[in-house]
Amino acid sequence: MHKRLFIPGPVDVAPDVLEKMGTQMIGHRTKDASVLQKSISDKMRKVMYTSNEILLSTSSGSGLMEGAIRSCTRKRAAVFSVGAFGDRWYKMATANGVPADKFSSELGQPTTPIMVEEALATGKYDLITITHNETSTGIMNPVAEIAEVVKKYPEVIFCLDTVSSMGGTYIPVDELGVDICITSTQKCLGLPPGMAICSISQKALDAAKQVENRGLYFDLLDLYNYIQKKDYQYPSTPSLSHMYALDYQLDKMLEEGLENRFNRHLEMAKYVREWARKHFEMLAEDQYASNTLTTIKNTKEISIKDLNNKLGERGYMISNGYGDLKDVTFRIAHMADTTLADIKVLLNIIEEILNL
Ligand SMILES: *Cc1c(COP(=O)(O)O)cnc(C)c1O
């Protein structure tokens with residue numbers, strides 16, 4: 001039996017979107033391939049509220065995260081971490097020999113504008129990474145306030161991880177001054193895993209020109225130059241299957257209306273938060289709580305494994321905590337094409353199982 005996924009990626013994929021993955025191949029050096037790639041870029045620009053160029057990568061989101069920090073750090077990167085995915089960005093920097101420092105917040109706490117100001121004021125950094133939505137703690141960082149600080153440092157390249165939030169909440173990339181905004185297919189976009197997408201500014205491209213060792217597969221400048229020269233075709237063979245499905249899903253998202261989509265996510269989030277407060281506790285403070293997933297403190301010390309086994313028998317799956325929070329929290333994702341009605345059904349079943 002299929003288990004309906006309420007985990008923060010991969011998510012359930014709508015049957016019609018899944019069907020597009022099975023479209024027959026075309027040559028990746030054909031006019032049709034160029035048309036497909038340009039169509040995706042145009043629609044992604046709408047979702048991201050940007051006029052910057054869009055790059056597609058046949059990898060998960062981590063590929064473009066590694067590419068961004070390696071391609072565009074000239075001096076030193078300031079990596080702000082609010083959990084597992086910020087930590088990963090720091091590991092990517094060090095694994096590539098990119099000089100970097102990590103600024104961590106306590107688990108469950110956000111990156112604050114003051115932390116960013118203090119780091120950038122030292123003049124040591126020319127690139128920063130921020131996790132927009134930390135999928136381990138369910139924190140959504142105050143990115144508008146952070147952006148105001150970053151704008152005071154025009155030499156700094158602003159990289160934003162929106163892997164678990166883009167398409168689920170309003171992230172106006174150009175207004176925020178984000179130079180590289182990264183996401184991947186298997187979370188709020190509602191597609192199978194396997195493709196990553198980023199926007200890239202001219203400023204980031206100019207920075208990359210000054211970096212000597214940018215790697216190859218994830219060299220963002222090389223990808224950019226290639227698609228300019230080759231009419232939006234990529235250096236290596238892309239996952240055409242994802243591209244068909246993404247192009248189709250983006251139509252569906254724009255048809256739903258981005259504002260409606262964001263409101264649907266918010267409505268689900270508010271419902272889950274209220275439920276969490278009634279029966280357990282929230283990890284995040286209200287003002288920083290994520291709109292796309294909720295991390296709940298396991299105050300009743302239930303066995304999350306047992307709960308998930310019982311949910312599994314009824315065709316559902318939620319997520320335990322991540323990393324250090326594995327047993328002390330659990331997570332319910334409310335992203336992509338999930339509806340409030342789905343969430344209500346899930347929470348009712350959890351109440352039945354736990355006798356809440
Ligand atoms: C899932 C996730 C990642 C990693 O993305 P992949 O597509 O699995 O490589 C990075 N950052 C955040 C916030 C995530 O939720």
Side-chain angles (χ1 to χ4, degrees), residues 5-13 44 48 55-70 79-93 95-96 102 104-105 107-111 128-143 146 159-169 171 173 178 180-199 217-218 220 238-239 242 245-246 249 265 269 283-284 288-295 318-323 325-326 329 331-336 338:
L5 297 179
F6 290 87
I7 63 174
V11 298
D12 269 21
V13 180
M44 272 313 300
M48 291 185 152
L55 303 176
L56 304 180
S57 168
T58 297
S59 66
S60 75
S62 302
L64 286 178
M65 289 167 68
E66 184 162 352
I69 202 159
R70 176 164 180 174
V79 175
F80 291 87
S81 175
V82 290
F85 293 103
D87 290 351
R88 186 183 288 186
W89 226 336
Y90 180 69
K91 282 189 201 137
M92 289 165 175
N96 280 287
K102 187 167 77 168
S104 298
S105 302
L107 281 182
Q109 294 299 315
T111 299
I128 73 162
T129 74
I130 299 283
T131 309
H132 176 251
N133 190 69
E134 173 56 60
T135 316
S136 54
T137 58
I139 287 283
M140 210 173 241
N141 269 318
V143 73
I146 292 169
C159 301
L160 190 65
D161 169 357
T162 65
V163 171
S164 62
S165 49
M166 183 57 75
T169 195
I171 309 167
V173 166
V178 175
I180 305 178
C181 185
I182 299 163
T183 194
S184 58
T185 46
Q186 77 281 15
K187 298 192 183 165
C188 292
L189 296 176
L191 294 148
M195 184 159 264
I197 305 137
C198 76
S199 68
Y217 191 72
F218 296 116
L220 302 192
S239 174
H242 279 90
L246 178 55
Q249 172 71 341
H265 281 76
L283 181 68
Y288 302 121
S290 164
N291 292 354
T292 62
L293 85 148
T294 299
T295 301
I318 62 167
S319 198
N320 52 321
Y322 194 106
L325 298 170
K326 183 160 186 280
T329 63
R331 297 174 295 161
I332 296 176
H334 27 83
M335 53 175 70
T338 307

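A quick note: this is a predicted structure, and the numbers were derived from the prediction, not measured. Each ligand, and each atom within it, is numbered from 1 in the order the structure gives.
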Run through all N or O atoms in ligand 1 and write down each protein N or O closer than 3.5 Å, as a pair with its distance.
{"unit_1": "ligand 1", "atom_1": "7 (O)", "unit_2": "Gly61", "atom_2": "N", "d": "2.7"}
{"unit_1": "ligand 1", "atom_1": "7 (O)", "unit_2": "Ser184", "atom_2": "OG", "d": "2.8"}
{"unit_1": "ligand 1", "atom_1": "7 (O)", "unit_2": "Gln186", "atom_2": "NE2", "d": "2.9"}
{"unit_1": "ligand 1", "atom_1": "8 (O)", "unit_2": "Gln186", "atom_2": "NE2", "d": "3.3"}
{"unit_1": "ligand 1", "atom_1": "9 (O)", "unit_2": "Ser60", "atom_2": "OG", "d": "2.5"}
{"unit_1": "ligand 1", "atom_1": "9 (O)", "unit_2": "Gly61", "atom_2": "N", "d": "3.2"}
{"unit_1": "ligand 1", "atom_1": "9 (O)", "unit_2": "Ser62", "atom_2": "N", "d": "2.8"}
{"unit_1": "ligand 1", "atom_1": "9 (O)", "unit_2": "Ser62", "atom_2": "OG", "d": "2.6"}
{"unit_1": "ligand 1", "atom_1": "11 (N)", "unit_2": "Asp161", "atom_2": "OD1", "d": "3.3"}
{"unit_1": "ligand 1", "atom_1": "11 (N)", "unit_2": "Asp161", "atom_2": "OD2", "d": "2.6"}
{"unit_1": "ligand 1", "atom_1": "15 (O)", "unit_2": "Thr135", "atom_2": "OG1", "d": "2.4"}
{"unit_1": "ligand 1", "atom_1": "15 (O)", "unit_2": "Lys187", "atom_2": "NZ", "d": "2.6"}

- Gap separating the OG1 atom of Thr338 from the CG atom of Asp12, nearest 0.5 angstrom: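 Nearest 0.5 Å value for the OG1-CG distance: 7.0 Å.
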- Report the C-alpha separation of Ser81 and Asp87 in whole Å, then their side-chain angles, then the decisive distance to 0.1 Å, and conclude whether the side chain to side chain donor-acceptor pair (under 3.5 Å) test is met. CA-CA 6 Å; Ser81 175; Asp87 290 351; 2.7 Å; yes
- His242 and Thr58: side chain donor to acceptor below 3.5 Å: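 Note: His242 and Thr58 side chains miss the donor-acceptor criterion.
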- The single option from Thr129, Asn133, Thr137, Thr135 passing side-chain contact (heavy atoms from CB on, under 4.5 Å) against Phe85: Thr135
- Message: I need the full list of side chain to side chain donor-acceptor pair (under 3.5 Å) pairs touching residues 180-193, with sequence neighbours left out, sorted by first then second residue.
- Response: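 Sorted pair list: Ser184-Gln186.
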- Query: Ser57 side chain to Ala196 main-chain N or O, any donor-acceptor pair under 3.5 Å?
  - Reply: no
